[in-house]
Number of protein chains: 2
Amino acid sequence: MGRRSDHTRDELRRLIIAEGHRLLAETGLARFSGREVAKRAGYTVGTIYNVFGSLDRLLVTLNSHTFRLWAEFLERRLAVSPPDRIRTLVEAYFAFARDHTHAWSAIYEHRVSAELFDAVDHDSRTALTAIVDREVRSAIPSGGDLDMPRFVRSLIATVHGHCSYALGGTFTLLEEIDPAASALARVRECLAAHGYRPPD
Amino acid sequence: MGRRSDHTRDELRRLIIAEGHRLLAETGLARFSGREVAKRAGYTVGTIYNVFGSLDRLLVTLNSHTFRLWAEFLERRLAVSPPDRIRTLVEAYFAFARDHTHAWSAIYEHRVSAELFDAVDHDSRTALTAIVDREVRSAIPSGGDLDMPRFVRSLIATVHGHCSYALGGTFTLLEEIDPAASALARVRECLAAHGYRPPD
DNA sequence: CGAGTAACTGAACAATGTCCAATTTAGCAA
DNA sequence: TTGCTAAATTGGACATTGTTCAGTTACTCG
């Protein structure tokens, strides 16, 4: 077959992203296949290369999509949230990862090569950081002498470490039962070191 | 060719592990290839399946090897270490990961399937935890009401999160310059919450 | 010396990412 | 309407991958 007009370029892009994300969620990055994505979208391999240039580029795009979903998820949880927003944040971080294990893991499993670095959509990734930044700032009355962006990055890394262990199986091996609670405890301790008072 | 006696079963095992680890260190898990390992060892693919049963099993073994190297590295650093052992521990954790990026990453990139769970050599993995456990205990005079094993796991997860971000490129994206320092700061804050006093 | 058996090979299979010549058609110009 | 061009899509080619397994080979024991 040759040229078709089933979809505009943009529709096709969206279609491939949608089907790609579904496949990624189903099988995980290790068993992800460009050919399969194309098949599900009703096209063939070549089309993906037409639209995205390479599988790596598609993966980068899919991960950006996951980031957006993740940020939305956090905001939704925070919106319906009782007073303890730090707890909500940590627990929502874990909840998303748990509910979208494969897609979430793919974010960290897929190492982007140097030449694709520029192709990465920074905004979708920064959105998450921004949310945490906002919440942490409002949790610590007097920021004081803190390098806040750095502190926030570090707190995210802290939670990420727990989450990564939890879903990666390391914690299973070490018989940890409630990783989210541990993460929250650490975050509280770090915040407390800078003037934060947890709700009683 | 048929049966050879260039190496005993055990020598062959070691040889494949050695070459496998070298290849893993060179190329990373994504480009790791069983055929290439075999070629480097002077054998062919089938032999690997003879000795290890599957590539997954070989990978599990290689990761165990990395864990052992890692634990040894930590002990060596601690042995030559000035008073501030917590700093040494955190920095050595990072140093090993930085110096063996590919091998280190493979530990977390290679997800072991359920049926291989029993094939995992627990001891090599537990060794690392044990070291941290020992150091943390001696850093906190009165353990008090702490669930120490859990606390230790959590601290490791904290450092792991920073290290994972640093090597995975997330921190690069977020313009973090000194991830190890951030990790150390967090660890100190958490320890301080339980009676630890950092050296001045 | 001969047979048995363990070890090792290499071909076969299905699947992958990547590239690209060939094909088909949409949309525009005449 | 007809013809043309350029874009879109296909699908086959290629090199690789993990995995299996029927053969082949050479060591070992009787």
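To find a chain, count down the sequence lines: A is the first, B the second, and so on, and within it residues start at 1. Quick caveat, the model's predicted, so the values are computed rather than measured.
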Between P on C:dA12 and OH on B:Y49, what's the gap in Å once rounded to a whole number? 18 Å
Pick the closest DNA chain D nucleotide for A:H7 and for B:E36 by heavy atoms, then say which residue is nearer the 5' end. A:H7
Could you give the CG-to-C1' distance, from B:L59 to D:dG18, as a whole number of Å? 12 Å
Are B:R4 and B:Y43 in a cation-pi setup, meaning NZ or CZ lies under 6.0 angstrom from the ring centre and within 45 degrees of the ring axis? yes
Of the nucleotides C:dA7, D:dT10, C:dG10, which has the atom closest to the B:T44 side chain? C:dG10
Report yes if at least one side-chain N or O of B:S33 is closer than 4.0 Å to OP1 or OP2 of D:dT17; otherwise report no. yes
Any salt bridge between A:R68 and A:D121, counting N to O under 4.0 Å? yes
Value in whole Å for how far the C1' atom of C:dT16 lies from CG of A:L55: 9 Å
Proximity to the side chain of B:Y43 - top-ranked nucleotide from D:dA8, C:dC8, C:dT18: C:dC8
Would you mind reading off the distance between A:F32 atom CZ and C:dG17 atom P, rounded to a whole angstrom? 8 Å
Apply side chain to side chain donor-acceptor pair (under 3.5 Å) to the pair B:H21 and B:T66, showing each step before the final yes or no. CA-CA 8 Å; B:H21 209 263; B:T66 305; 2.8 Å; yes
D:dT10 phosphate, OP1 or OP2, under 4.0 Å from A:T47 side-chain N/O: yes
Hey, are B:S154 and A:R186 close enough side-chain-wise for a donor-acceptor pair under 3.5 Å? yes
A:L23 has an atom CG; how far is it from atom P of C:dA15, in whole Å? 15 Å
Hey, which of these two, B:D56 or A:R35, hits DNA chain D nearer its 5' end, going by closest nucleotide? A:R35
Please give, in whole Å, the distance from D:dA8 C1' to A:I16 CD1? 12 Å
Quick check: any donor-acceptor pair below 3.5 Å linking the side-chain of B:R4 to the base of C:dT9? no
Does a donor on one side chain and an acceptor on the other come within less than 3.5 Å for A:S64 and A:R125? yes
Rounded distance (Å) that lies between atom P of D:dA8 and atom CD1 of A:I48: 16 Å
Taking DNA chain D as the partner, which of residues 24-31 of chain B come within under 4.0 angstrom of it by heavy atom? none
Just to be sure I understand the rule, does B:G46 reach a base, reach only the sugar-phosphate, or reach nothing, if contact means heavy atoms closer than 4.0 Å? base
Looking only at side-chain atoms of B:L12, point me to the closest of D:dA8, C:dC8, C:dT18. C:dC8
So, are A:E19 and A:R22 salt-bridged, with charged N and O less than 4.0 Å apart? yes
Do A:F94 and A:H162 pass the ring pair (Phe, Tyr, Trp, His ring centres under 6.0 Å) test, and can you show the C-alpha distance, the side-chain angles, and the key distance before you say yes or no? CA-CA 9 Å; A:F94 270 77; A:H162 287 75; 7.3 Å; no
In whole Å, I'd like the distance from the CG atom of A:D10 to the C1' atom of D:dA7. 17 Å
